[in-house]
Novice: 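Here's a structure for you.
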Amino acid sequence: MSSFLNTKLKQNQPANQWKRSSKQKLQIWNLIKNLQSRQLPNFKQLKYLSRFLNKKEKWIIKGLSVLIIFCLLFLFGKLYFSQTIEIPNDGGEYIEGLAGAPQYVNPILAPMNDVDLDISQLIFSGLLKYNEKQELIPDLAEKYEISKDQKTYTFFLRKNILWHDKKKFNADDVLFTIHSIQNPEFKSPLLKNFEGVKIEKVNDYTVKFILKKPFTPFLSSLFVGIIPAHLWNDIVANQANLAIYNLKPIGTGPFQFYSLTKDQRGLIQSYTLKKNPFYYDKKSHLNKIIFKFYPDFKKAISDLKIKKIDGLNYLPKDFLSKELNKTISQKDFIFHSLYLPQYMAIFFNQQKNPLLKEKYIREALALSLDRQKIIDEALDQGGEIINTPIFKNQIGYNSQIQKYGFDLEKAKQILDKAGWKLEEEKNKQENINKKIEIKKADENITNFFLYKKNKALKIILTTVNQSENIKVTQIIQKSWQNIGIKVDLQIIDPSNIQKEIIESRNYEALFYGNNVGFDSDPYPFWHSSQINYPGLNLSLYSNKEADKLLEEARKNNDLEQRKLKYLKFQNILIEDSPIIFLYNPTHAFIVNQKIKGIDIQRIINPSDRFIGIENWYLKTKRKFK
């Protein structure tokens with residue numbers, strides 16, 4: 001019947017002229033209702049609805065339809081986002097700039113070059129590894145046991161590990177790596193870490209390390225990456241540095257070698273790693289990591305600015321203050337200030353300058369230094385004041401240790417009481433050292449210095465020719481001259497500091513840094529047996545009671561006992577004051593804000609910025625709660 005009615009309507013008037021009054025529309029609608037039992041129109045009838053609506057009514061219907069769709073989408077979106085969370089997704093690549101170039105991407109040679117360490121950290125695995133909290137945890141080893149006499153360390157290896165060439169990892173690889181380090185012909189800088197250590201194979205997945213005497217920090221040596229015996233066995237030790245595997249390595253780590261590019265001169269320009277699909281632990285979200293190499297940081301920062309690279313391994317302090325605001329948008333990049341277990345300090349050599357044997361002089365020197373000023377002006381606040389050789393989160397850290405605060409007047413009083421008087425400089429003859437340039441005291445500050453029995457209170461302060469070190473020593477120089485001490489600066493080229501200064505202990509006061517590593521053991525830096533090179537006792541410090549505490553602590557596996565001995569040692573050291581502790585520097589690591597998942601604050605070496613690399617990501621997806 002409805003089809004009959006529609007036919008009649010069309011015969012009586014053209015469709016495009018259907019403009020009826022509301023009363024007519026109502027009559028037609030009532031007629032339709034009387035002709036069928038259904039009260040609601042079906043789909044076929046609804047398609048004629050537009051013929052009964054005027055232009056205004058059509059726009060209302062369209063608007064309401066859009067609003068309904070929008071509301072449904074909004075409700076769906078709200079429900080979806082309230083019931084899901086954003087999580088990392090796989091994919092993407094990270095491009096980092098490095099100043100320098102790779103030479104030996106080999107963990108037993110890598111410590112000689114920071115770039116090699118950076119790449120090795122990603123390609124190779126050790127028996128143990130550090131986590132974000134600087135805790136040593138199993139890596140290639142599932143677990144380990146230490147004998148009661150603390151001389152035998154037994155490691156039980158994982159059985160599901162493949163090298164990047166799909167060969168199986170086993171105990172032979174561990175033995176080969178340690179024996180290679182112990183072989184002087186291999187020239188590994190890690191040789192000293194394993195001197196006198198015997199290693200035995202128990203079975204294919206168990207090895208034993210046997211020490212001559214207890215040495216608690218030994219575990220931290222087992223962070224070193226393991227190299228594959230099946231590839232290195234046929235390479236002669238004294239020619240190991242020529243092997244192709246130093247640049248195209250095979251490891252067991254989360255990333256594997258993919259490619260490298262060289263320029264016409266044969267210099268490596270870039271180095272690409274890809275995700276290891278067979279990695280035994282949590283796999284990385286990133287598909288690739290690409291390293292680009294630069295001759296200096298200035299060029300690297302230029303490429304960072306235009307986003308040719310996503311990150312820079314290190315931003316020197318002078319660039320941090322000079323270039324940062326000019327060239328790099330802080331909206332696009334995140335600056336990670338990573339604390340190193342390194343203390344920058346002034347080491348006194350009392351044998352070279354007899355005046356420094358006087359404790360009251362060393363005390364006055366310490367009181368005259370405003371360490372916060374040094375951090376603010378020379379480091380652009382990139383450091384933390386320290387008072388001991390043991391850091392936060394290390395065994396034996398003492399936050400309540402006696403401190404030398406900044407007290408200029410007290411420093412002057414100490415020297416005055418000892419009979420030192422300000423007098424006009426008596427001898428202005430230049431002090432010329434033919435081998436090493438001496439920068440004279442800044443005479444713009446004062447021409448008056450402290451004298452006692454016609455002898456000037458004078459110190460030569462030595463440091464490495466690096467911009468940060470020079471700024472710091474200039475502040476120290478002015479501070480000491482403010483209390484009447486004449487200070488000459490001795491600036492040494494980095495390539496000469498080891499041979500000309502450190503090995504021969506040829507300095508009066510040395511501004512230098514010591515990286516103490518993971519374990520808080522101060523023995524290598526403060527025991528009297530370490531006074532001569534290659535020992536690291538740069539203050540030539542000798543105290544029998546301190547020696548005994550350090551010897552006992554490194555043999556004791558009881559953490560509380562070690563802590564007590566280190567606390568006593570620190571009190572003795574501060575009382576003797578053979579050093580002025582200044583600050584703990586930070587490693588400025590800059591990364592594009594699109595790289596998420598970086599969660600580390602303290603590192604041992606710059607390469608440790610990659611600890612937790614498996615958590616870095618670029619892409620995300622949503623997952624229902």
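Heavy-atom basis, side chains included; hydrogens, waters and symmetry copies ignored. Bear in mind that the values here come from a model prediction, so they are computed numbers and not experimental data.
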Novice: Show the nearest heavy-atom pair for residues V105 and P249, with the distance to one decimal.
Specialist: O-CB, 3.6 Å

Novice: For N106, does its backbone N or O pair with a side-chain atom of N246 as donor and acceptor, under 3.5 Å?
Specialist: no

Novice: Students often mix this up, so state it plainly: with edges at 30° and 60°, are the rings of F293 and F291 parallel, tilted or perpendicular?
Specialist: parallel

Novice: Answer yes or no: are there more than 12 heavy-atom neighbours, outside Q351 itself, under 6.0 Å from its atom CD?
Specialist: no

Novice: Please check this pair: side chain of R371 against backbone of I386, looking for a donor-acceptor N/O pair closer than 3.5 Å.
Specialist: yes

Novice: Of all heavy-atom pairs between D116 and P102, which one has the smallest distance, and what is that distance?
Specialist: OD1-CA, 3.2 Å

Novice: What are the two closest heavy atoms between G225 and T177, and how far apart are they?
Specialist: O-CG2, 3.7 Å

Novice: Is the F223-Y130 ring centre distance short of 6.0 angstrom?
Specialist: yes

Novice: If only atom types and distance count, is the side chain of R562 paired as donor or acceptor with the main-chain N or O of N557 below 3.5 Å?
Specialist: no

Novice: Taking atom CD of Q601 as the centre, report whether more than 12 heavy atoms of other residues, nucleotides or ligands fall under 6.0 Å from it.
Specialist: no

Novice: Is there a side-chain contact between K412 and L408 (heavy atoms, below 4.5 Å)?
Specialist: yes

Novice: Looking at side-chain heavy atoms only, is the closest gap between F348 and L365 below 4.5 Å?
Specialist: yes

Novice: Would you check if L379 and E468 make a side-chain contact, meaning some heavy-atom pair closer than 4.5 Å?
Specialist: yes

Novice: Rounded to the nearest 0.5 Å, what separation is found between the NZ atom of K151 and the NZ atom of K213?
Specialist: 10.5 Å

Novice: Looking at K359, I'd like to know if its NZ atom is crowded, meaning that more than 12 non-hydrogen atoms belonging to other residues, nucleotides or ligands lie closer than 6.0 Å.
Specialist: yes

Novice: Stepwise, does the side chain to side chain contact (heavy atoms under 4.5 Å, CB included) test hold for I598 with V591?
Specialist: CA-CA 9 Å; I598 302 176; V591 185; 3.9 Å; yes

Novice: Minimum heavy-atom separation for A509 and I346, please, with both atom names.
Specialist: CB-CG2, 4.0 Å

Novice: Assess whether a salt bridge exists between E614 and K129, defined as any Lys/Arg side-chain N lying under 4.0 Å from an Asp/Glu carboxylate O.
Specialist: no

Novice: Does the pair I590 and I301 meet the rule for a side chain to side chain contact (heavy atoms under 4.5 Å, CB included), with working shown?
Specialist: CA-CA 10 Å; I590 180 171; I301 290 172; over 6 Å; no

Novice: Under the side chain to side chain contact (heavy atoms under 4.5 Å, CB included) criterion, do F610 and F255 qualify, and how do the steps go?
Specialist: CA-CA 11 Å; F610 293 123; F255 286 86; over 6 Å; no

Novice: Is the centre of the F209 ring less than 6.0 Å from the centre of the F155 ring?
Specialist: yes

Novice: Has N515 got a side-chain atom pairing as donor or acceptor with I604's backbone, closer than 3.5 angstrom?
Specialist: yes

Novice: About how many Å separate CD of Q350 and OH of Y541, when rounded to the nearest 0.5 Å?
Specialist: 10.0 Å

Novice: Ion pair present between E551 and K565, side-chain N to carboxylate O less than 4.0 angstrom?
Specialist: no

Novice: Please name the pair of heavy atoms, one in S120 and one in Y104, separated by the smallest distance, quoted to 0.1 Å.
Specialist: OG-O, 4.5 Å

Novice: Supply the atom-to-atom distance I580 CD1 to E363 CD, rounded to the nearest 0.5 angstrom.
Specialist: 10.5 Å

Novice: Within the distance-only criterion (no hydrogens, no angle test), does the side chain of N349 pair as donor or acceptor with the backbone N or O of Y507 below 3.5 angstrom?
Specialist: yes

Novice: Would you check if F449 and W420 make a side-chain contact, meaning some heavy-atom pair closer than 4.5 Å?
Specialist: no

Novice: Dump the intermediate steps for side chain to side chain contact (heavy atoms under 4.5 Å, CB included) on Y271 and L98, then the final yes or no.
Specialist: CA-CA 11 Å; Y271 198 96; L98 300 174; over 6 Å; no

Novice: Would you indicate whether the side-chain heavy atoms of I483 and L367 approach each other to under 4.5 Å?
Specialist: no

Novice: If we ignore hydrogens and angles and just use 3.5 Å, is the side chain of W480 paired with the main-chain N or O of S368 as donor and acceptor?
Specialist: no

Novice: Look only at the side chain of N556 and the backbone of D558, and say whether a donor-acceptor pair between them is shorter than 3.5 Å.
Specialist: yes

Novice: Spell out, as yes or no, whether a donor-acceptor pair under 3.5 Å connects the side chain of N353 to the backbone of I459.
Specialist: no

Novice: Would you mind reporting whether I611 and Q121 have side-chain heavy atoms less than 4.5 Å apart?
Specialist: yes

Novice: Do Y343 and N584 touch side chain to side chain, with heavy atoms closer than 4.5 Å?
Specialist: no

Novice: Between E384 and R602, does the salt bridge (Lys or Arg N to Asp or Glu O under 4.0 Å) criterion hold? Intermediate values first, please.
Specialist: CA-CA 12 Å; E384 182 178 48; R602 294 185 178 272; 3.5 Å; yes

Novice: Might you confirm whether atom CD of E195 has over 12 heavy atoms from other residues, nucleotides or ligands at distances under 6.0 Å?
Specialist: yes

Novice: What class does the angle between the rings of W526 and F569 fall in, given that below 30° is parallel, 30 to 60° is tilted and above 60° is perpendicular?
Specialist: tilted

Novice: Please find the pair of heavy atoms, one from Q394 and one from P341, that lie closest to each other, and give the distance.
Specialist: NE2-CB, 4.3 Å

Novice: Report yes if some heavy atom in the side chain of F589 is under 4.5 Å from a heavy atom in the side chain of I600; otherwise report no.
Specialist: no

Novice: Begin from the C-alpha positions of N615 and D599 and carry the test side-chain hydrogen bond (donor to acceptor under 3.5 Å, both in side chains) through to its verdict.
Specialist: CA-CA 9 Å; N615 298 318; D599 183 23; over 6 Å; no

Novice: Do NZ/NE/NH1/NH2 and the carboxylate oxygens of R609 and D118 come within less than 4.0 Å?
Specialist: yes

Novice: Is the backbone N or O of G396 less than 3.5 Å from a side-chain atom of Q570, with the two atoms forming a donor-acceptor pair by type?
Specialist: yes

Novice: Show the numbers, then the answer: is there a side-chain hydrogen bond (donor to acceptor under 3.5 Å, both in side chains) between N605 and S607?
Specialist: CA-CA 5 Å; N605 295 299; S607 60; 5.1 Å; no

Novice: Do side-chain atoms of E508 reach the backbone of L356 as a donor and acceptor pair under 3.5 angstrom?
Specialist: no

